[in-house]
Structure formats: structure tokens, C-alpha cells
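Chain naming here is simple, since letters A, B, ... match the order of the sequence lines and numbering starts at 1 in each.
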Number of protein chains: 2
Amino acid sequence: MARPELSIGEVLQLLQAEFSDVTISKIRFLEAEGLVTPARTASGYRKFAAADVERLRYVLTAQRDQYLPLKVIKEHLGALDRGLRPAAGGPPIAPSTTDAGPAADDFGATGTDLSLTKAELCAAAGVSTALLAELESHGLIVADGKHYGGDAIVVAQVAAELSAYGIEPRHLRPFRTAADREVGLIEQVTGPRRTDQTQELAALTVRLHTALVRSRLPR
Amino acid sequence: MARPELSIGEVLQLLQAEFSDVTISKIRFLEAEGLVTPARTASGYRKFAAADVERLRYVLTAQRDQYLPLKVIKEHLGALDRGLRPAAGGPPIAPSTTDAGPAADDFGATGTDLSLTKAELCAAAGVSTALLAELESHGLIVADGKHYGGDAIVVAQVAAELSAYGIEPRHLRPFRTAADREVGLIEQVTGPRRTDQTQELAALTVRLHTALVRSRLPR
DNA sequence: ACCGGACCTCAACCGCTGGTAGAGGGTTGA
DNA sequence: TCAACCCTCTACCAGCGGTTGAGGTCCGGT
């Protein structure tokens with residue numbers, strides 16, 4: 001019980017068992033990049049708690065096994081910190097895709113599901129509760145109990161941007177209808193459970209939709 | 001009948017719909033790296049078959065959505081070629097569409113102004129003239145005079161893939177309706193000429209559509 | 001026959017990521 | 001007091017993923 005925290009050298013020993021290419025300088029670098037923030041002694045020495053080591057392990061695993069860039073790993077860690085619990089997937093814990101952040105929009109393997117409260121959703125999408133309420137009233141966003149999924153962020157963000165063009169939630173109802181029909185068609189084929197096939201099919205139909213819109217846009 | 005294969009410029013047009021950052025030089029680079037090996041004409045021009053384009057799509061998707069390094073993507077492709085199904089975490093070949101991405105968006109790029117004859121379209125998409133006729137009869141593909149645009153290839157390809165699931169052109173009419181309505185809404189705001197705004201708006205609505213479908217997919 | 005645009009190759013160059021190296025110096029504990 | 005350990009900071013670096021441009025060829029239209 002004397003000292004639950006480890007010096008950087010001790011951390012190195014610990015991690016080198018699992019990750020042969022870790023070095024002291026790398027650990028320091030990762031701190032400089034904001035991926036881990038160990039406490040400090042009065043004299044400035046880093047002291048790593050178990051949680052810090054765990055975090056490093058997560059980073060190194062994601063790098064080695066999923067080839068993720070540090071930028072992305074950092075976002076994942078940030079999402080975890082904010083209490084956004086992903087559902088299933090990756091290594092130690094699952095990565096989160098949807099944020100205001102960079103792309104990652106497939107229907108596939110990395111299927112990640114956030115669960116947000118109303119307040120979190122509004123904050124993440126940068127919209128007012130009034131807009132959210134309106135979106136809900138038109139069925140564009142639906143809560144599962146008290147929680148919203150990650151896609152709701154995108155819906156809310158886009159709706160907000162569209163309103164700058166004078167397009168309001170009530171104009172968007174047909175989108176809801178179209179999406180429902182689309183999903184209905186998919187479920188007719190694959191059944192009511194989500195499978196790989198469901199996702200493949202969804203990717204296809206969305207691609208179809210996109211191509212159709214493009215083809216009908218004025219030249 | 002002349003030419004079932006596409007030139008590099010035509011491939012560019014096709015892919016830019018989905019991947020806004022693809023360039024000619026990037027395609028050539030990917031060939032140099034051995035990720036795709038288009039055939040050549042007698043005079044040395046590259047000619048891409050549908051399979052080559054599919055391969056590029058796979059590469060670009062894996063890069064964008066999974067952040068995989070080219071080296072790894074190459075291995076996956078190699079494995080696929082050898083008939084192995086990709087193991088953990090790889091997308092089969094039916095990944096994402098419109099990305100909810102950073103800065104750039106799908107519709108921002110240059111206009112897709114391919115102009116293909118019926119035969120070329122069928123060859124490029126790998127579909128029968130019968131299927132094409134059916135798609136036309138349901139208004140999913142329309143010819144401008146005797147020629148088809150680049151999006152028609154995507155529509156035809158997707159329709160072909162969907163038919164493997166028992167989904168036939170007549171089931172796809174609602175997609176046409178939805179796309180028409182969507183474009184109508186956009187034109188109401190931006191007028192009947194194609195402008196940057198048109199494209200921005202289209203990118204937004206397609207993103208909305210995608211998010212809605214995702215959100216309504218079975219959990 | 002000619003012209004412009006699309007295509008070719010090859011070599012040089014570039015920005016970013018993910019670190020490493022090492023100088024110069026403080027801290028700790030035996 | 002000394003070795004081992006830790007600190008910061010600046011400089012540098014290699015590889016990845018392309019881009020740029022010079023110089024030249026090919027092809028469809030008039």
C-alpha cells in the first residue's frame with residue numbers, strides 16, 4: 001500500500017512484456033499528445049496510477065491491432081471519458097464513431113452505439129432542446145426510453161444546418177417515411193434481427209438512394 | 001459495344017461521387033503500389049473493368065472508415081484474391097456510402113458528366129440489357145437522349161446486387177419517388193440551376209437520409 | 001492536317017505522423 | 001557523494017501517402 005503509483009520506468013517494465021516496442025520516450029510522447037495525463041510528484045516526476053497504465057495499454061493495443069491513428073484513439077478515449085459507453089466491438093473497449101468528429105460511417109463491423117441523454121445529445125449536436133423536441137414530434141428522432149442513439153446526433157446536426165436554408169423539421173417528414181419504407185424492405189428480406197446481411201443491404205440501399213439523388217440533381 | 005472498360009478519368013468521376021478526395025494521381029499511385037492492376041490499351045492507356053473499380057472502392061473505403069494503411073489493405077485484397085474470406089474486422093465489400101465526414105463532402109466535387117451508351121453502361125455495371133430495360137421502365141434510370149450519366153452505373157450495379165437478395169426493380173420505385181421529392185425540396189430552395197448550394201444541400205439531405213436509415217435499422 | 005484535351009512516365013518534392021536523440025540539468029536513495 | 005533515474009526542450013528523422021511538373025504520346029473533332 002506504500003505507493004500505488006508507478007514511475008515511468010516501472011510502467012515501461014510493465015508494458016514491455018506486452019508491447020515490445022514501447023519506450024520511455026514514447027510514453028512521454030503520448031502524454032505530450034494528450035493521450036494520457038499522469039499525476040506528478042512535487043518535484044515533477046510522473047506518477048502513473050493503475051488507470052493510467054490501463055489507458056496506455058488501450059492506446060498501444062489500438063495502435064498495434066487496429067492500426068488506428070493517435071488522433072482517432074484520442075477521440076475514442078475522450079468519448080469514453082465523457083461517459084459515452086459504446087456497445088460492442090473492438091479491443092479492451094469499443095471505439096466510438098459518431099461525434100462531431102471525422103468520418104466513419106459504415107454500416108458494418110464497427111457498429112457502435114452510443115447512448116445519450118437528452119442534454120448530451122443537444123450538447124453533442126449543438127442544437128436547442130426546442131429543435132430536438134420538434135424533431136421528435138415529427139418522428140425524425142426517437143428516444144429509446146430516456147436515451148438516444150449516435151445517429152440522432154447526425155440527424156440533429158443536419159436538421160440544424162438545413163434550417164439555415166429555411167428547411168424546417170416539418171419539411172423533413174418525407175425523409176422519415178422514406179427511411180421507414182427502406183428499412184421495411186430490408187427487414188422483409190433479412191428478418192427483424194440485425195445481421196451482417198442487414199448491414200450490407202442497408203449500405204446498398206443507401207448507395208442507391210445517393211446515386212438516384214445525384215442523377216436527378218439539375219445538371 | 002466498343003468499350004466496356006473505363007478510362008482513368010471516367011473512373012475518377014465515378015469514385016468522386018463517393019470519395020471526394022480521390023484524384024487521378026492517387027489512382028495511379030495505388031496502381032504503383034500494386035493495389036489495383038487495370039489492363040492497358042495497345043498504346044498504354046489504363047482501362048478499368050468494373051472489378052477494378054470495385055477494388056478501388058474497397059481500398060478507399062478501408063482507408064476512410066477503418067484507417068487501414070495501404071500495406072494492410074493490400075494484404076486483405078491478396079487474401080480475398082486467394083479466395084479467403086477476410087477474418088476479423090474487415091468489411092466484406094459493401095461498406096459505407098455518404099460520409100458524415102470532415103470538411104469535404106461527396107457532392108462538392110466536379111459534375112459527373114460521363115456519357116455512356118447503353119452498351120457501355122451495361123458493360124461497366126456488369127448488368128444485362130434486360131435489367132437495364134426494367135430499371136428504365138420503373139424510372140430508376142433515365143437516358144438523356146441516347147446517353148446515360150455516371151450515376152446510372154451505380155444504380156445499375158446496386159440494383160444487380162439487390163436482385164441477389166430477391167429485391168427487384170419494381171420494389172425500388174419508392175426510392176425513385178423519395179429521390180424526386182428530395183431533389184424537389186432542394187430545388188425549391190436553390191432554384192432549378194445547379195450551384196454550390198445545390199450540392200451542399202444535397203450532401204446534407206443524403207446525410208440525413210443515411211442517418212435516419214441507420215437509426216431505424218434493427219438493433 | 002492539325003489542335004486541344006486526356007493520357008502516359010518518371011523523378012523530385014512535400015506535409016504529416018510518430019516518434020528518436022541528446023544536450024543540459026534536477027532528484028533520490030544508498 | 002555518486003550512480004541511477006527522472007525532467008524539459010529543441011532538433012532531427014524515416015516512412016507513408018501522396019502531389020507536382022516536365023516532357024512526351026494518343027485520339028477525336030473540324
Legend entry - Any donor-acceptor N or O pair under 3.5 Å, side chains B:E5, B:Y45: no
Legend entry - Sequence-aligned protein contact record of nucleotides 1-18 of chain C, with B where the base is within under 4.0 Å of a protein heavy atom and S where only the sugar-phosphate is: -----BSSB--------B
Inset, instruction - Indicate, with a heavy-atom threshold strictly under 4.0 Å, whether B:T41 touches base, sugar-phosphate, or nothing. - result: nothing
Inset, instruction - For the residue pair B:E18 and B:L60, establish whether any side-chain heavy-atom pair is separated by less than 4.5 Å. - result: no
Inset, instruction - Please check the phosphate of C:dA21 (OP1 and OP2 only) for any side-chain N or O of A:S25 closer than 4.0 Å. - result: no
Legend entry - Contacts of type side chain to side chain donor-acceptor pair (under 3.5 Å), residue A:E33, not counting sequence neighbours: none
Inset, instruction - Answer yes when B:E54 and B:R57 have at least one side-chain N-carboxylate O distance shorter than 4.0 Å, and no when they do not. - result: yes
Legend entry - Polar contact flag, side-chain donor to acceptor under 3.5 angstrom, A:T190-A:Q197: no
Legend entry - Backbone of A:L35 reached by a side-chain donor or acceptor of A:R55 within 3.5 Å: yes
Inset, instruction - State whether B:D21 and B:R64 are salt-bridged, where the test is any N-O pair (Lys NZ or Arg NE/NH1/NH2 against Asp/Glu carboxylate O) under 4.0 Å. - result: no
Legend entry - Terminal axes of the helix from C:dA1-D:dT30 to C:dA30-D:dT1 (five pairs each): angle between them, nearest 10 degrees: 10°
Legend entry - Spacing of NE2 belonging to B:H209 relative to OG1 belonging to A:T205, to within rounding of 0.5 Å: 6.0 Å
Legend entry - Length of the line joining A:Y67:OH and D:dG17:P, which is rounded to integer Å: 12 Å
